[in-house]
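Data first, discussion second: the structure below is written as structure tokens.
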Amino acid sequence: MIELFFSQILNGLAIGQVYALIALGFSLVFGVSNLINFAQGALFMLGAFFAFTGVVWLGWPLPVAAVVSVLLVSGLGVLLERLALRPLANGPFIAPVLSTLAISIVIDQLAEIIWSPEGQSFPVPFPEYTFYFGRAYITTTDILIFVFGLLAAAALTWFLKASWMGRTLRATAQDRDAAAQLGVRTSNVRQLAFGLAGALGALSGILVALYFKSVFPAMGLPFGLKGFAAALLGGLTSIPGAVLGGLTLGVVETLSSAYLGEGFRDLAAFSLLLVFLLFRPQGMLGDRRLDALGGAGGASGAMPSTSLLASASSQRSAHRVFDLPPWGFLVVGAVLALLPFVVSSSYILQAVVYAMVFALLAGSVTLVSGSLGILAIGHAAFYGVGAYTVAVMSYTYGLPTELALPAAIALGAIVGAVASLPLYKLSGHTAALGTLAIGQIGFLVFMTWMPVTRGPMGFLNIPAPTFELLGGLRLSDIGHKFWLVALVVALCLFLAQRLLNSEMGRTWRSIREDRLAAHAAGVPVRRYLMMGFAVSGAMAGAAGGLFAYVQNVITPDSFNVQASLLMLTMAVLGGLGNLTGAALAGFVLTIIPEVLREFSEWRMIVYGVILLMALRWRPHGLLGAR
């Protein structure tokens, strides 16, 4: 038993070293640019595929293909800094973050076009041996991964401490303005950080390809999230912390998989992340002193809250804000309700129905991210709660809509309020990562709670909305469902706008601007945070319940981190804190992929380019941030 445990530890250290390399890339970029680089996972994936191309398509030896891959991805990292960060340097802090997300969408889709969406075998060009220690064992691939990862971390540490360029990078991470006054070209330093992050991403991608002996275009995001979690566990700008966090995460995952089951692998990892956020948000090796990069070792408070949408209030006032009065949402809902009378195409009606659902979702996100100042990266969990509530009550128990849909709204509110509790003492990046952990835990619960959620199978043939109080009225076709969705969405947005215009909304915004000052003024901050998350969760629960009725089929994949990032993108493009802008962006960004359907596999690339252009053109949102 002890030998098997030891074997799991060895395997965990091997995959943990890969997480450490990805975490190092996040740490470098964050330390210099104060930016979460969502494209790091895409660079990781490209590193694996460039090496695959060199070995399989061109017949190169693996060392040659690996070196070329690292150089190419490093160059792409530098280009990423030019495209994602520099043009948006004077905009709101969230704009460059979403810019990296848009670039990631483009890269992932290009990879599917070039190499196909299917996984492909990655050849191991050396004989693989297994070394046994009693019943414990380790393979040559495990040793290779661990050794190369350790050497890369050691080389990076030496570079940062012993070279002039490394010292400029550390100085920029500590105080960008002071470094610039001393003659350091901080723009070049940022490019260096992105280039090094690209090189580390490529190397880790190659090692993962060797470990699993396969490559596939969708591999970037899950490993990117694990690297991100590892960086936070160790201390977001700490080089030794990134290594320790990666190794810890790998060991915890492997032990969870061995003793609890494969389905609990990721659940244990993100539960560990949430625990650290609650009790040691600065990470294992992060503290208030300077770390290896020369910056603050912890993430807490490093990212400004969403109140800092511009560098000064005068810049914000230069952007006009357009916001509908509460009754305006009722008018828009009534106008949309006329569409089934003039449009007979069920395809168009269904597209508009989904657009209305995502308008409500984007509104729920902007309430938390804009009005409360907590960046929501895991909002799909509340969305999923609403969808599964309707599915269980209508499919499993046969309950009517007048019970199922209000239950979805109520349960979404309860889960939202409970989810706010661990976020009370968190701010900045740690609060955002807390929402990410909550979102991932929710997704993994949907995946593993088989007796209730039916796991990966989900629910098929969810009954159409039925109202027993109206004589068993059944809304079976899309036209009838259209009216239900339009009514619920309009009412939810109407009530939310009333709240935002009320004393409660003003209190939420005061908490966003300065939580400590609001607390000192006697505002019960915890209570107002709970109320804000409850309202947001209720809106997301309503959207999830409507989605279940319209879709008739739900699976956990509809509520993953990609869905959360899409909702956040909609809220930001509309204008954080602007309910009208969020609803409009949610509606438009849901319709655009349908309009671009004729472009087939290129439509997501066009979609990503549109996002980039919108961020460049209106970094404060289409209708202005409030």
Side-chain angles (χ1 to χ4, degrees), residues 14-30 37-58 60-84 100 103-104 106-108 110-111 114-115 119-120 122-125 141 144-156 159 190-228 230-231 239 242-243 246:
I15 192 63
Q17 192 64 66
V18 173
Y19 295 155
L21 289 178
I22 305 173
L24 288 172
F26 277 110
S27 296
L28 282 171
V29 171
F30 180 82
N37 179 17
F38 280 113
Q40 185 68 16
L43 298 180
F44 161 91
M45 177 270 297
L46 282 180
F49 267 104
F50 284 160
F52 166 83
T53 301
V55 172
V56 176
W57 291 7
L58 303 178
W60 293 347
L62 179 59
V64 174
V67 170
V68 172
S69 174
V70 168
L71 292 175
L72 287 175
V73 178
S74 179
L76 286 175
V78 173
L79 184 62
L80 177 66
E81 189 274 338
R82 296 282 297 181
L83 294 176
T100 65
I103 291 173
S104 177
V106 173
I107 291 175
D108 288 349
L110 280 174
I114 296 172
W115 290 288
Q120 301 188 55
F122 190 94
V124 178
T141 302
L144 177 71
I145 291 173
F146 188 80
V147 170
F148 267 90
L150 201 60
L151 288 175
L156 180 62
F159 172 80
R190 286 198 301 267
Q191 285 188 328
L192 173 64
F194 272 81
L196 288 173
L200 291 168
L203 179 60
S204 56
I206 296 167
L207 294 178
V208 164
L210 287 172
Y211 186 85
F212 291 105
K213 300 178 179 59
S214 65
V215 290
F216 52 97
M219 67 190 294
L221 184 60
F223 279 98
L225 289 177
K226 296 293 181 61
F228 193 18
I239 297 303
V243 176

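Smallest separation of non-hydrogen atoms from Ala197 and Gly25: CB-O, 3.6 Å. In terms of heavy-atom proximity, Ala14 sits nearest to Ile145 at O-CG2, 3.2 Å. For Ala51 against Ala65, the heavy-atom pair with the smallest separation is O-CB, 3.7 Å. Among all heavy-atom pairs drawn from Gly77 and Leu43, the shortest one is CA-CD1, 4.3 Å. Smallest separation of non-hydrogen atoms from Leu21 and Leu200: O-CB, 3.7 Å. The two atoms that bring Ile107 and Ala42 nearest to each other are CG2-CB, 3.8 Å, heavy atoms only.
Residues Lys213 and Val124 have side chains in contact (heavy-atom distance under 4.5 Å, counting atoms from C-beta outward). A 4.5 Å side-chain heavy-atom check between Leu144 and Tyr211 finds every atom pair outside the cut-off. The side-chain heavy atoms of Leu156 and Leu28, taken from C-beta on, include a pair separated by under 4.5 Å. Side-chain contact check for Val73 versus Phe50: some heavy-atom pair is nearer than 4.5 Å. No side-chain heavy atom of Pro125 sits less than 4.5 Å from a side-chain heavy atom of Val55. Here the side chains of Trp115 and Val215 are not in contact, with every heavy-atom distance at 4.5 Å or above.
Pairs of residues two or more places apart, or lying in two chains, that qualify as side-chain hydrogen bond (donor to acceptor under 3.5 Å, both in side chains) and include a residue from residues 190-210 are Glu81-Arg190.
In terms of the ring pair (Phe, Tyr, Trp, His ring centres under 6.0 Å) criterion, residue partners of Phe44 (sequence neighbours excluded) are, by chain and number, Phe223. Residues satisfying the ring pair (Phe, Tyr, Trp, His ring centres under 6.0 Å) criterion with Phe122, sequence neighbours excluded, are absent altogether. Listed by chain and number, the residues in a side-chain hydrogen bond (donor to acceptor under 3.5 Å, both in side chains) with Gln17 amount to none (sequence neighbours excluded). In terms of the ring pair (Phe, Tyr, Trp, His ring centres under 6.0 Å) criterion, residue partners of Phe228 (sequence neighbours excluded) are, by chain and number, Phe26. The side-chain hydrogen bond (donor to acceptor under 3.5 Å, both in side chains) test applied to Trp60 returns no partner, not counting sequence neighbours.
Interatomic distance, Leu24 CG to Leu196 CG, rounded to the nearest 0.5 Å: 10.5 Å. Distance check, rounded to the nearest 0.5 Å: CG of Leu225 to OH of Tyr19 gives 10.5 Å. In this structure, CZ on Phe49 lies 7.0 Å from CE on Met219, to the nearest 0.5 angstrom. The line from CG of Leu221 to CG of Asp108 is 7.5 Å long, rounded to the nearest 0.5 Å.
A donor-acceptor contact shorter than 3.5 Å links the side chain of Ser69 to the backbone of Gly47. Under a 3.5 Å cut-off, the side chain of Ser104 and the backbone N or O of Thr100 do not form any donor-acceptor pair.
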